[in-house]
Amino acid sequence: MANHTQIKTVAQNKKAYHDYFVDEKYEAGIALYGTEVKSIRMGAVNLKDTYCSLKNGELFVVGMHVSPYEKGNIFNREPRRERKLLMHKREIMKLGGLVAQKGYTLVPLSLYFSGKNLKVEIGLCRGKKLYDKRDALAEKQANREMDRRMKDSSKGYRE
């Protein structure tokens, strides 16, 4: 009988899906301090406007805001500090090569607990142009309208 690790999503970067085409997804661990983990467990984290950067063969997440833990006093760290992502060296080098190509960037898509470990889902993304964003928004609205009409027709018109 296999152990199924429970996945609990803590935060999502919805803006990333609006601003980028996500070509591939990767999973990485993240190096945190105890008070940061406690704060993230309470949901006090924001992934808006975050990105990943490569420095000296290591991968860091930049701009992730983790609110200070209220009971953490002196142990709290800087809310927007760079945090190291934990991946195999081979994966980091592969991603570094892809990012060096034109138009690719690494963006954290979500933060979740896999069992007791905190993981970051990273997307290898290409930027959307303004017209791509408009097309995506129009398609989303059209789908919403179709769903609404299907729902109305399935109810029948009882007045």
Verify same cluster id: Val120, Val45 (apolar side-chain graph, 4.5 Å): yes
When rounded to the nearest 0.5 Å, the distance separating NZ of Lys48 from NZ of Lys14 is 12.5 Å
If hydrophobic clusters are built by linking Ile, Leu, Val, Met, Phe, Trp and Tyr wherever their side-chain heavy atoms come under 4.5 Å apart, do Val37 and Leu47 end up in the same one? yes
May I ask you to test the Asp23-Leu98 pair for a side-chain heavy-atom distance under 4.5 Å? no
Heavy-atom side-chain contact between Leu124 and Leu106 under 4.5 Å: yes
Got a second to check how far Cys125's SG is from Leu109's CG, nearest 0.5 Å? 5.5 Å
Taking side chain to side chain donor-acceptor pair (under 3.5 Å) as the test, write out the residues that go with Gln12, two or more places apart. none
Filter on side-chain hydrogen bond (donor to acceptor under 3.5 Å, both in side chains), then keep only pairs touching residues 85-97, sequence neighbours left out; what's left? Tyr26-Lys94
Side chains of Glu24 and Tyr104: donor-acceptor distance under 3.5 Å anywhere? no
Joint hydrophobic cluster, Ile30 plus Leu54, side-chain heavy atoms closer than 4.5 Å: yes
Is there a chain of hydrophobic side chains (I, L, V, M, F, W, Y, each step under 4.5 Å between heavy atoms) that links Val66 to Phe113? yes
Scan Arg83, Met64, Lys15, His65 and name whichever one has a side chain to side chain contact (heavy atoms under 4.5 Å, CB included) with Thr50. Met64
Pro108 to Val61 - nearest heavy-atom pair and separation: CG-CG2, 3.4 Å
Residues two or more places apart in sequence or in another chain: which of them pass side chain to side chain contact (heavy atoms under 4.5 Å, CB included) with Phe60? Ser53, Lys55, Glu58, Glu82, Lys84
Applying the 4.5 Å side-chain criterion to the ILVMFWY set and letting contacts propagate, would Leu32 and Ile122 be lumped into a single cluster? yes
Just how far is it from atom NZ of Lys119 to atom CG of Leu86, taken to the nearest 0.5 Å? 8.0 Å
Smallest heavy-atom separation, Gly123 atom then Val22 atom, equals CA-CG1, 4.2 Å
Other residues, nucleotides, ligands: >12 heavy atoms within 6.0 Å of Met42 CE: yes
Distance from Arg144 atom CZ to Gln141 atom CD, nearest 0.5 Å? 6.5 Å
